[in-house]
Amino acid sequence: MNNRDVFSSKFGVIAAAAGSAVGLGNIWRFPYVLGENGGGAFFLIYLLFIFAIGVPVMLSELIIGRRAQKSIFGAFKVLAPKYGFFQSVGIIGVLTAFLILSFYSVVAGWTVEYTILALGNNLADKSPDQLADLFADFSNSIWRPIFYLIVFMGLTAAVVIGGIKNGIEKYAKILMPLLLVIIIILCLKSLSLSGSREGVLFLFRPDFSKITGNVVLVALGQAFFSLSIGMGTIATYGSYIKKKENLLQTAVSVSFIDTLIAVLAGVAIFPAVFAFGIQPDAGPGLVFVTLPNIFNQMAGGYFFSVAFFTLLVIAALTSSVSLLEVVVAYFTDELGLKRKQATFLGAFLMIVLGIFCVIYPKVFNGFEWTSSNLLLPLGGILISLFVGWFLGRNKVKDELEAHGGKAIYLQVFLFIIKIVAPIAIAIVFLNNLGLIG
Ligand code: TRP
């Protein structure tokens with residue numbers, strides 16, 4: 001396996017993994033699910049899940065991937081030939097990638113459409129109501145969303161065919177920092193709007209009476225979704241990471257960057273939501289309806305709207321690439337397809353499923369709900385149990401210390417993934433089924 005493509009530098013590893021994590025999950029999904037689930041209290045629970053469960057699960061995936069030098073499905077075959085059961089993680093992971101990428105590409109298609117609207121200056125001079133109608137008309141139509149879905153999937157396939165060093169890594173390195181700068185500018189503008197204070201309070205002042213079992217489940221699902229964990233994406237990237245990289249540092253940096261961008265997206269959106277009288281629980285259209293209002297109030301709004309939506313397409317692309325990569329790695333490693341064939345096949349199947357998501361909102365919602373709130377946390381349980389109980393302490397230690405440092409946190413890490421994370425996730429599930437609490 002020495003000829004396996006690898007990331008060329010530490011910055012490249014973090015940029016590519018952060019490129020996978022940072023995407024529509026942070027900028028589109030985080031604000032909208034937070035708005036639907038009561039604001040500040042959701043935010044706190046989300047943060048808790050990111051650091052107490054998300055980071056350890058991400059680290060577990062990196063360990064699995066780098067140890068096995070295989071995509072997630074093959075990884076369990078190599079690492080646990082005796083425990084065939086764990087191969088189900090790989091299978092669930094590939095299926096989850098299909099579900100996520102199909103609705104994800106639909107939303108990414110919306111961002112492509114909005115980039116083009118912004119370019120033609122068609123978002124300018126519209127009232128908040130007109131902007132809401134514009135989104136509703138577009139997202140309820142059929143042909144245009146399907147067209148943009150196909151465009152987006154084509155872009156994703158093009159990057160995936162380029163391979164790791166020349167494809168994913170090259171794009172991620174340059175463009176992620178640029179996106180950060182634009183979001184910060186949007187935050188400043190949003191905070192300066194009159195009436196913005198209420199939005200800040202909505203986001204940062206927890207109202208604990210809003211917490212229900214469902215809110216906790218959605219926060220957990222969002223943490224997994226946003227970090228790209230629970231289905232083997234990060235494990236697949238882990239298989240491309242050199243031994244000299246420090247895996248803990250990678251997991252912490254990626255989680256930190258991911259959380260930062262989600263928080264900044266919240267700060268850009270909620271002050272404006274309240275300033276323009278938009279409903280915080282407006283659902284999946286929230287970002288598309290809110291941000292154009294901010295651009296309309298900004299000096300240089302045209303420039304910023306074009307730049308923002310373009311970068312959002314690219315952020316979505318670095319994430320969709322990582323999802324398609326899971327499927328392609330499976331097709332190439334397990335079915336022996338060539339990279340190109342595997343990519344075309346994967347992209348084609350995703351487009352077909354995506355078309356169902358466009359035509360039937362129930363399919364869209366069902367895919368979104370099942371993947372984030374059920375399959376990813378379930379994958380998380382299995383991944384932590386595997387690394388905690390089955391991989392063997394020595395191998396875990398070996399991976400964590402391969403860069404030459406000492407993993408003084410090993411005990412804590414093992415305690416979390418053996419016990420804390422699986423039990424916490426199981427409790428959230430059971431609570432939602434109404435079995436406890
Ligand atoms: N995390 C990405 C986002 O926030 C989406 C994503 C990419 C993902 N790969 C994933 C989600 C794997 C779950 C699992 O937009």
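Remember, it's 1-based here, ligands and their atoms both numbered in the order they're listed. The first residue in the sequence is number 1, and the count goes up from there. Values below: all heavy atoms of this structure, side chains included; hydrogens, waters and symmetry mates excluded.
Of the protein's non-hydrogen atoms, the one nearest atom 12 (C) of ligand 1 is Thr233 OG1, 3.0 Å. Nearest to atom 15 (O) of ligand 1 among the protein's heavy atoms is Tyr104 OH, 2.5 Å. Ile100 CD1, 3.5 Å is the protein heavy atom nearest to atom 13 (C) of ligand 1. Looking only at heavy atoms of the protein, atom 4 (O) of ligand 1 is closest to Ala21 O, 2.8 Å. Nearest non-hydrogen protein atom to atom 2 (C) of ligand 1 is Ser20 O, 3.2 Å. For atom 11 (C) of ligand 1, the nearest protein heavy atom (residue, atom name, distance) is Phe225 O, 3.1 Å.
For ligand 1, the polar-atom distance check against Val22 finds no nitrogen or oxygen pair separated by under 3.5 Å. When only interatomic distances are considered, the shortest N/O to N/O separation between Ser228 and ligand 1 falls below 3.5 Å. In terms of N/O distances under 3.5 Å, ligand 1 is approached by Gly25.
Taking the six-membered ring where the residue is Trp, the centroids of Phe386 and Phe76 are separated by under 6.0 Å. In this structure, Trp28 has its ring center closer than 6.0 angstrom to the ring center of Tyr32. Aromatic rings of Phe364 and Phe103 (six-membered ring for Trp) have centroids within the 6.0 Å cut-off, being under it. Aromatic ring centres of Phe135 and Phe288 lie closer together than 6.0 Å.
Of all atoms in ligand 1, listed by their number and element, those nearer than 4.0 Å to a heavy atom of Met231 are 12 (C), 14 (C).
Below 30°, between 30° and 60°, or above 60°: for Phe86 and Tyr83 the angle between ring planes is above 60°, a perpendicular geometry. Under the 30°/60° scheme for interplanar angles, the aromatic rings of Tyr148 and Phe138 are found to stand perpendicular.
For the pair Glu334 and Lys77, the salt-bridge criterion is met [side-chain N within less than 4.0 Å of a carboxylate O].
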